[in-house]
Amino acid sequence: MLYEADFKNKTIFSFEVFPPKKNMPIDTIFSTLDELKGLSPDFISVTFGAGGSENCDNAVAIAKHIKDVCNVESVIHMPCLNMTRSDAQYVLEQFQQAGIDNILALRGDRVEGKEPAGDFHHASDLISFIKDFDSRRKDGKYFKLFGACYPELHPQSTSVYDDIDFLKQKVDAGASHLLSQLFFDNEQFYRFLERCQIKGINVPIEAGIMPATNKKSIERMVSMTNAVLPKKFTDMMERYGDHPEAIRDAGIAYAIDQIVDLVTHGVQGIHLYTMNNPLVARRIYEATKSLFDVPPIIK
C-alpha cells in the first residue's frame, strides 16, 4: 500500500508499463520489469485496456508480479466506461484476491463498434463504487485510489475550467493521488497546477512524461491528447523524426530537460511512460536520479 507520507517526504518517481499484445506470452513483460525494478521506482502502474473485464487477467498477473516478485508497489488501471457494475465487482474481487492495493480509476476510451455499458459515465462514478466496495470488505483493507488529470484541455472538453471542476469532483469522491496525461510544454503544467491550487485540489499530482523516441507513436498520442507542442519540440521532430537513433537520443534529452525543470520547480512526482522500453527508462533515470535525492520543496 502506498501511503500519503510517501508523497510528502520525497519527489516521487514512477513508471507505466502495458501488457503484451494478445498474441504474445505474458512472460515477455517480465524481463522488462526485471530491468525497471533496478531503477528504484516508487511504483509501477499497469494499463488495463478499455474493453472491459476481459482485460483483467493479464493486467492482474503483471501487477501481482511487480509487487510479489519485483518488490515494487504496483498500481493497476481500471477503465470503467465499458464495464457493468457486475463487471466492476468481479474486477475488484480479482484485485483483492491478488493482493493489489492501488487502483488508477479511469473513465477509459470508447471501443469502436461497442456501446458503453452505461453504468459508469465518469471516473468519479467508479471511485464512488470502489469506496462502497471498500465499505463492505471483511479483511479490514481498502484500495488507495489514483485519478488521471489533463494539464491541457481534455479532447472532449470545452474549457480548462470545466476540466478542473470535474477533477475536483474526482478528488472529492476519493482520489487521493493524480497522474497527469503526457505534455511537452512545462509552462502548461505549471498553469494547470495553479488552477488546481485555486480550486482547492491539494492531493499529490505527478507530471506524466513520455519520451519522444518514435515519431509515429508521438504523432498518434498528440492527436489523441491535443498536447501543445513548443517550437523546440516540433523543430526536434522535424530534424530527427526520420532517423530512429537520432530521434531516440533527442527525445531522451528532451524528456531529461523537462524532468530537471519540473523537479527544480518542486513538482511532487514524475510518472514516466516507459512504453516498455527499459533502455530509455534507464538513461533517463541515470541522468536525473540525484535530483530525487534532494529533499522536496516544502509548500
Side-chain angles (χ1 to χ4, degrees), residues 12-18 43-50 75-81 102-110 122-124 126-127 145-171 175-197 199 201 203-214 216-230 233-234 237 251 254-255 258-259 261-263 265 267-276 280-281 284:
I12 298 300
F13 184 51
S14 60
F15 297 144
E16 178 185 287
V17 298
F18 52 83
F43 64 86
I44 299 175
S45 74
V46 184
T47 66
F48 194 105
V75 176
I76 192 163
H77 295 208
M78 185 176 177
C80 63
L81 187 64
N102 309 293
I103 299 173
L104 174 57
L106 302 163
R107 189 201 69 167
D109 300 321
R110 292 190 62 138
H122 306 286
S124 55
L126 175 63
I127 291 170
L145 300 178
F146 289 63
C149 57
Y150 271 76
E152 301 162 275
L153 184 67
H154 189 285
Q156 297 177 358
S157 179
T158 57
S159 163
V160 293
Y161 301 104
D162 287 344
D163 282 351
I164 290 294
D165 288 340
F166 289 129
L167 185 60
K168 184 65 162 61
Q169 291 176 22
K170 197 182 298 187
V171 171
S176 60
H177 189 107
L178 299 175
L179 304 179
S180 94
Q181 181 57 271
L182 63 88
F183 60 92
F184 300 103
D185 182 349
N186 285 4
E187 291 303 317
Q188 297 288 330
F189 188 74
Y190 298 142
R191 284 194 283 272
F192 165 72
L193 292 181
E194 289 175 358
R195 293 193 294 273
C196 288
Q197 186 175 27
K199 195 65 179 179
I201 297 172
V203 300
I205 301 175
E206 284 192 65
I209 299 298
M210 178 176 284
T213 58
N214 180 283
K216 288 185 178 179
S217 295
I218 292 300
E219 287 175 344
R220 182 174 65 253
M221 290 302 299
V222 167
S223 70
M224 294 170 59
T225 62
N226 294 331
V228 172
L229 302 181
F233 183 87
T234 57
M237 295 299 291
Y254 192 96
Q258 273 193 281
I259 292 169
D261 182 72
L262 289 162
V263 176
H265 283 83
V267 72
Q268 292 163 301
I270 300 294
H271 189 59
L272 188 67
Y273 296 100
T274 69
M275 305 303 290
N276 290 12
V280 172
I284 292 172

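Computed over heavy atoms, backbone and side chain alike; hydrogens, waters and symmetry mates excluded. On a predicted model such as this, the values are computed, not experimentally measured, just so you know.
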Asks: Do side-chain atoms of Arg195 reach the backbone of Pro151 as a donor and acceptor pair under 3.5 angstrom?
Replies: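 A pair under 3.5 Å: yes.
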Asks: side-chain hydrogen bond (donor to acceptor under 3.5 Å, both in side chains) with Asn226: which residues, sequence neighbours excluded?
Replies: none
Asks: Check ring-ring contact (aromatic ring centres under 6.0 Å, His included) between Tyr161 and all other residues, then give those that pass, not counting sequence neighbours.
Replies: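 In terms of ring-ring contact (aromatic ring centres under 6.0 Å, His included), with neighbours along the sequence ignored, Tyr161 is linked to no residue.
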Asks: May I ask you to test the Ile209-Ile284 pair for a side-chain heavy-atom distance under 4.5 Å?
Replies: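 No. Closest side-chain heavy atoms not under 4.5 Å.
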Asks: For Leu104 versus Val75, what's the shortest heavy-atom pair and its separation?
Replies: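 Heavy-atom minimum between the residues: N-CG1, 3.8 Å.
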Asks: Would you check if Lys199 and Asp165 make a side-chain contact, meaning some heavy-atom pair closer than 4.5 Å?
Replies: yes
Asks: Donor-acceptor pair, Ser14 side chain versus Ile44 backbone, under 3.5 Å?
Replies: no
Asks: Check for a donor-acceptor pair, side chain of Ser180 on one end and backbone N or O of Gly208 on the other, with a separation under 3.5 Å.
Replies: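 Between the backbone of Gly208 and the side chain of Ser180 there is a qualifying donor-acceptor contact (under 3.5 Å).
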Asks: According to side-chain hydrogen bond (donor to acceptor under 3.5 Å, both in side chains), who are the partners of Thr234, at least two apart in sequence or on a separate chain?
Replies: none
Asks: A side-chain contact here means heavy atoms from C-beta on lying under 4.5 Å apart; do Met210 and Ile218 qualify?
Replies: yes
Asks: Going through the checks in order, is the side chain to side chain contact (heavy atoms under 4.5 Å, CB included) test met by Leu81 and Arg107?
Replies: CA-CA 5 Å; Leu81 187 64; Arg107 189 201 69 167; 4.3 Å; yes
Asks: Which heavy atom of Ser176 sits nearest a heavy atom of Val203, and at what distance?
Replies: O-CB, 3.5 Å
Asks: Rounded at 0.5 Å granularity, tell me how far CD1 in Ile201 sits from CG in Leu178.
Replies: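 Answer rounded to 0.5 Å: 7.0 Å.
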Asks: Could you check whether any side-chain N or O of Thr225 sits under 3.5 Å from a backbone N or O of Met221, counting only pairs where one atom can act as donor and the other as acceptor?
Replies: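 Flag set: sc Thr225 to bb Met221 pair under 3.5 Å.
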Asks: Can you tell me how far NZ of Lys170 sits from CG of Leu145, rounded to the nearest 0.5 angstrom?
Replies: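 That separation rounds to 11.5 Å.
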Asks: Angle class for the Tyr190/His265 ring planes (parallel below 30°, perpendicular above 60°, tilted otherwise)?
Replies: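 If you compare the ring of Tyr190 with that of His265, the planes turn out tilted.
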Asks: Ser45: which residues meet the side-chain hydrogen bond (donor to acceptor under 3.5 Å, both in side chains) condition with it, sequence neighbours left out?
Replies: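 Ser45 satisfies side-chain hydrogen bond (donor to acceptor under 3.5 Å, both in side chains) with His77, His271 once adjacent residues are dropped.
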Asks: Could you check whether any side-chain heavy atom of Asp261 comes within less than 4.5 Å of a side-chain heavy atom of Phe189, counting everything from C-beta outward?
Replies: no
Asks: Among residues at least two apart in sequence or on other chains, which ones pass side-chain hydrogen bond (donor to acceptor under 3.5 Å, both in side chains) with Asn214?
Replies: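 Applying side-chain hydrogen bond (donor to acceptor under 3.5 Å, both in side chains) to Asn214 gives Ser217.
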Asks: Just how far is it from atom NZ of Lys168 to atom SG of Cys196, taken to the nearest 0.5 Å?
Replies: 11.0 Å
Asks: Measure the spacing between CZ of Phe48 and CE of Met78 and express it to the nearest 0.5 Å.
Replies: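 Phe48 atom CZ to Met78 atom CE measures 6.5 Å (nearest 0.5 Å).
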Asks: Between Gly108 and Pro79, what is the shortest heavy-atom contact and its length?
Replies: CA-CB, 3.8 Å
Asks: If you take all heavy atoms of Phe183 and Gln258, which pair is closest and at what distance?
Replies: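 For Phe183 and Gln258, the tightest heavy-atom pair comes out as O-NE2, 3.0 Å.
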Asks: Minimum heavy-atom separation for Leu262 to Ala207, with atom names?
Replies: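 Nearest pair, atom of Leu262 first, then Ala207: CD1-CB, 3.9 Å.
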Asks: Could you work out, with ring-ring contact (aromatic ring centres under 6.0 Å, His included) as the rule, every residue matching Phe166, not counting sequence neighbours?
Replies: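 Result, ring-ring contact (aromatic ring centres under 6.0 Å, His included) vs Phe166: none returned.
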Asks: Decide yes or no for Thr274 and Val280: does some side-chain heavy atom of the first lie under 4.5 Å from some side-chain heavy atom of the second?
Replies: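 In short, these two side chains do not touch, never coming nearer than 4.5 Å.
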Asks: When rounded to the nearest 0.5 angstrom, what distance separates CD1 in Ile164 from NE2 in His154?
Replies: 12.5 Å
Asks: Heavy-atom count around Gln197 CD within 6.0 Å, excluding the residue itself: above 12?
Replies: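 Open: at most 12 neighbouring heavy atoms sit under 6.0 Å from CD of Gln197.
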Asks: Which atoms form the tightest heavy-atom contact between Tyr254 and Phe184, and what is the distance?
Replies: OH-O, 2.7 Å
Asks: Would you say Asp185's side chain and Pro230's backbone share a donor-acceptor pair under 3.5 angstrom?
Replies: no
Asks: Any sub-3.5 Å donor-acceptor pair from Glu152's side-chain atoms to Val228's backbone N or O?
Replies: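 Pair found, side chain donor or acceptor close to backbone of Val228.
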Asks: So, taking the atom named CG in Leu272 and the one named CG in Leu182, what distance separates them when rounded to the nearest 0.5 Å?
Replies: 11.5 Å
